[in-house]
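Report on one structure; see the data block that follows.
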Amino acid sequence: MNSATLNIHPPSLVPRISHCKTIREMKQFHALVIKTAQIHDLSLATEFLKLCATSDYRDTEYALSVFSQLPERNCFSYNTMIRALAESDDDYGPLDAFFLFYQMVSDGIVEPNRFTFPSVLKACSRAARLEEGKQVHGFVIKCGFDSDEFVMTNLLRMYVMCGSMEDAQILFTRNIDGDEDMNRMVTYNKRKLEGNVVLCNVMIDGYVRLGNIKAAAELFDKMHQRSVVSWNVMISAYAQNGVFMKAIETFHKMQMEGVSPNRVTLVSVLPAISRLGALELGKWGHLYAEKNNIPIDDVLGSALVDMYAKCGTIEKAIQVFETLPKHNVITWNAIIGGLAMHGRANDALKYFSRMERSGVSPSDVTYIAILSACSHAGLVDKGRYFFNHMVDKLRLEPRIEHYGCMVDLLGRAGLLEEAEDLILNMNIRSDDVIWKALLGACKMHKNIEVGRRAAKVLMQLAPHDSGAYVALSNTYAAVGDWGAVAEMRLKMKDLDIRKDPGCSWIEIDGAIHEFVVEDDSHPRAREIHSMLKEISHKLSLEGHRPDTKQVLLNMDEEQKASLLHYHSEKIAVAFGLISTSPKAPLKVVKNLRICEDCHSSMKLISKIYERKITIRDRKRFHHFEHGSCSCMDYW
DNA sequence: TTAGGGTTAG
């Protein structure tokens with residue numbers, strides 16, 4: 001080492017490290033450090049390693065080269081490098097963090113400390129390597145860190161992420177040691193309790209990952225103190241498992257208990273709000289973020305864009321999208337998917353071009369949105385082009401969802417054999433959804449031959465699902481083969497297959513009201529019933545005749561017509577009409593596809609009552625106004 | 001230097 005150089009340049013370069021804001025500046029700094037021989041200064045070199053390894057513009061490969069040239073390795077530099085590898089996503093995987101840790105303990109020159117283990121364990125979690133994780137557990141005990149809460153949390157998380165809930169359970173029970181202790185800790189040991197909240201959160205998350213929401217909720221209920229993360233875990237557990245009402249209830253309960261939602265809470269609850277079409281609540285969440293200085297970044301932004309789109313306000317979705325600080329592939333997918341859902345195929349394609357021009361590469365999900373846009377607008381050639389482009393040029397492997405869009409697109413254009421061939425020649429297994437799409441198209445084009453074949457496969461794939469029976473029966477009904485309809489009905493009865501209950505939601509003054517077919521459980525059921533009668537009367541005055549083809553049950557025409565009036569979306573609209581001021585728009589969300597009778601009724605209702613009515617069905621939006629629908633009866 | 005999150009056919 002050139003001591004003269006060191007004397008002339010004391011380690012005054014250390015503060016300058018923080019001035020490096022880009023990789024270029026970082027490399028220039030490195031050159032300077034080498035040139036002035038200060039690379040031999042251990043504290044400077046380790047600081048520099050930290051910069052390469054953990055800053056926003058980190059470069060794992062560069063960090064490794066700096067690490068390998070260090071004059072001396074200490075615990076800090078090992079920890080820094082292990083952490084960088086554990087978090088890396090490039091050629092160096094998290095497993096390399098484990099190997100470096102192994103080298104560290106094999107060399108025996110430097111002892112690992114309590115900061116070493118969280119990173120190594122995180123690496124094992126990310127690589128899902130239980131065996132390596134267990135070895136690290138051994139070292140944790142040997143080094144005496146098995147009472148450190150940070151180490152314990154990561155150890156528990158490692159078992160959870162490696163799928164070993166048994167090991168996680170043992171470790172958790174040993175640390176929490178029963179309810180009584182949890183109670184005592186509330187009073188006497190706040191620090192310890194905070195550690196336990198985190199351990200509980202990790203454990204709850206583990207149950208959720210296993211799909212055991214019940215166990216997760218049980219543990220959550222048992223906790224004497226919960227952090228905002230505990231609530232967030234439960235909210236996202238419900239939202240991701242389709243229990244949307246429960247997610248929203250938990251969100252409300254959290255606030256009643258005085259816990260303030262944070263950015264992650266909003267990101268977790270918004271998908272549930274979207275699915276239920278609860279626009280008012282969604283708007284509230286948006287306002288909450290703005291009022292509380294919660295940054296609307298790309299992550300929260302895509303949840304908001306999706307919420308506004310799914311709640312029927314695509315213009316607002318566009319507005320939010322345009323004001324986001326940056327757009328990544330998910331924000332683009334959210335807006336393109338939203339436009340597709342609203343039948344605005346040309347806009348979806350425009351945004352797709354913009355996305356490509358902005359340098360963000362489309363993903364497989366982007367193509368699902370694009371193909372779905374083409375299918376909703378009947379753009380057969382464009383759809384074919386994008387599908388082929390995705391497969392041939394981008395080398396993306398088509399997923400069942402892509403094939404699903406294509407089958408829908410071709411099927412609705414009447415190209416039933418081509419759609420059927422596509423399913424039969426896929427490299428992946430077909431599912432019930434794709435055969436239902438084909439069967440739906442067969443009904444539309446009154447093609448019994450392909451319809452029968454599709455139904456046959458569907459009945460094998462999902463024998464207890466009413467879908468195949470209902471769709472085939474509807475196909476028979478469409479061609480007027482009532483004998484076959486009756487036969488289907490009997491078959492369903494024999495096999496005890498029931499039609500999925502239709503369910504609709506409407507949000508009035510921020511409260512969500514749920515209705516099922518023939519629902520009379522609502523507190524205002526009487527008023528709703530008389531409104532339904534009024535609607536029915538006014539519809540018949542307008543010349544509307546109930547389309548009873550899709551009612552499967554064996555009853556006379558009058559009974560069938562009466563059942564049609566009690567479809568959940570009609571009940572929801574009736575309730576909307578009596579609960580809102582005249583001319584206020586109504587927004588209804590339905591779990592199934594809207595039936596043809598409801599579709600034609602809604603067109604007339606929008607005219608009779610002078611209301612904009614938006615119905616989001618399982619597949620897309622219908623905007624009814626002045627007696628017509630935005631889907632132009634093509635859906 | 002511990003826990004939680006956004007888009008996806010019908």
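Chain letters run A, B, ... following the sequence lines, proteins first and then strands; every chain starts at 1.
If you take CZ of Arg620(A) and P of dA9(B), they are 14 Å apart, rounded to a whole angstrom. The CZ-P distance, from Phe244(A) to dG6(B), rounds to 12 Å in whole Å. Between the C1' atom of dA9(B) and the CD atom of Glu397(A) lies a distance of 17 Å, rounded to the nearest Å. Between Leu409(A) atom CG and dA9(B) atom C1' the separation is 12 Å, expressed in whole Å. Look at CZ on Phe150(A): it is 6 Å from P on dT2(B), rounded to the nearest Å. Rounded to whole Å, the distance from CG on Leu270(A) to P on dT7(B) is 9 Å. Across the protein-nucleic acid pair, Ile336(A) atom CD1 and dG6(B) atom C1' stand 15 Å apart, rounded to whole Å. The interatomic distance linking Phe220(A) (CZ) with dG4(B) (C1') rounds to 12 Å, in whole Å.
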Which donor-acceptor pairs under 3.5 Å do side chains of residues 432-442 of chain A form with protein atoms, sequence neighbours excluded?
from	atom 1	to	atom 2	distance (Å)
Trp435(A)	NE1	Ser430(A)	OG	2.9
Lys436(A)	NZ	Asp465(A)	OD2	2.8

Donor-acceptor contacts under 3.5 Å from residues 230-238 of chain A side chains, at least two apart:
from	atom 1	to	atom 2	distance (Å)
Ser230(A)	OG	Asn201(A)	OD1	2.8
Ser230(A)	OG	Ser227(A)	N	2.9
Ser230(A)	OG	Ser227(A)	O	3.2
Ser230(A)	OG	Ser227(A)	OG	3.3
Asn232(A)	OD1	Thr265(A)	OG1	2.7
Asn232(A)	ND2	Asn262(A)	OD1	3.3
Ser236(A)	OG	Asn232(A)	O	3.2
Ser236(A)	OG	Val233(A)	O	3.2

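Using a 4.0 Å cut-off between charged side-chain N and carboxylate O, Glu596(A) and Lys443(A) make a salt bridge.
Note on Lys310(A): a side-chain N or O is less than 4.0 Å away from OP1 or OP2 of dT8(B). Side-chain nitrogen and oxygen atoms of Gln240(A) include at least one within less than 4.0 Å of the OP1 or OP2 phosphate oxygen of dG6(B). In this structure, Arg157(A) reaches the dG4(B) phosphate: one of its side-chain N or O atoms is under 4.0 Å from OP1 or OP2. Side-chain nitrogen and oxygen atoms of Arg209(A) include at least one within less than 4.0 Å of the OP1 or OP2 phosphate oxygen of dG4(B).
Among the nucleotides dT2(B), dT1(B), dA9(B), the one closest to any side-chain atom of Val198(A) is dT2(B). Side chain of Val228(A), nearest nucleotide from dG6(B), dA3(B), dG4(B): dG4(B). Considering only side-chain atoms of Asn154(A), the nucleotide from dT2(B), dA9(B), dG4(B) that sits closest is dT2(B). When distances are taken from the side chain of Arg83(A) to each of dA3(B), dT1(B), dT2(B), the shortest belongs to dT1(B). With dA3(B), dG4(B), dG6(B) as the choices, the nucleotide that has an atom nearest any side-chain atom of Thr153(A) turns out to be dA3(B). Of the listed nucleotides (dA3(B), dG4(B), dT7(B)), dG4(B) has the atom at the smallest distance from the side chain of Val233(A). Checking dA9(B), dT7(B), dG6(B) against the side-chain heavy atoms of Val365(A) singles out dT7(B) as nearest.
Base contact: Ile400(A) has a heavy atom under 4.0 Å from a base atom. Within 4.0 Å of Asn328(A), counting heavy atoms only, lies at least one base atom of the nucleic acid. The residue Asn591(A) sits apart from the nucleic acid: no heavy atom pair falls under 4.0 Å. Counting non-hydrogen atoms under 4.0 angstrom, Val299(A) reaches a base of the nucleic acid. The residue Ser227(A) sits close to a base: some heavy atom pair falls under 4.0 Å. Asp148(A) comes within contact range of no nucleotide atom at all, as no heavy-atom separation falls under 4.0 Å. Contacts of His327(A) with the nucleic acid, taken as non-hydrogen atoms under 4.0 Å apart, are absent. Within 4.0 Å (heavy atoms only), Val202(A) reaches sugar-phosphate atoms of the nucleic acid but no base atom.
For Asn262(A) against dG4(B), a side-chain-to-base donor-acceptor contact under 3.5 Å is present. With hydrogens and angles ignored, no donor-acceptor pair closer than 3.5 Å exists between the side chain of Asp364(A) and the base of dA9(B). Residue-to-nucleotide contacts include a donor-acceptor pair under 3.5 Å from the side chain of Arg399(A) to the base of dT8(B).
Side chains of Ser504(A) and Ser568(A): a donor on one and an acceptor on the other come within 3.5 Å. For the 3.5 Å distance criterion, the side chains of Gln169(A) and Tyr207(A) qualify, holding a donor opposite an acceptor.
Residues satisfying the side-chain contact (heavy atoms from CB on, under 4.5 Å) criterion with Thr80(A), sequence neighbours excluded, are Leu49(A), Lys50(A), Ala53(A), Thr54(A), Phe76(A). When the side chain to side chain donor-acceptor pair (under 3.5 Å) test is applied to His342(A), the partners found at least two apart in sequence or on another chain are His623(A).
Considering only heavy atoms from C-beta on, Cys631(A) comes within 4.5 Å of His599(A) through its side chain.
Identified under the salt bridge (Lys or Arg N to Asp or Glu O under 4.0 Å) test for residues 366-378 of chain A, with sequence neighbours left out: none.
Across residues 382-390 of chain A, not one residue has a non-hydrogen atom less than 4.0 Å from an atom of DNA chain B.
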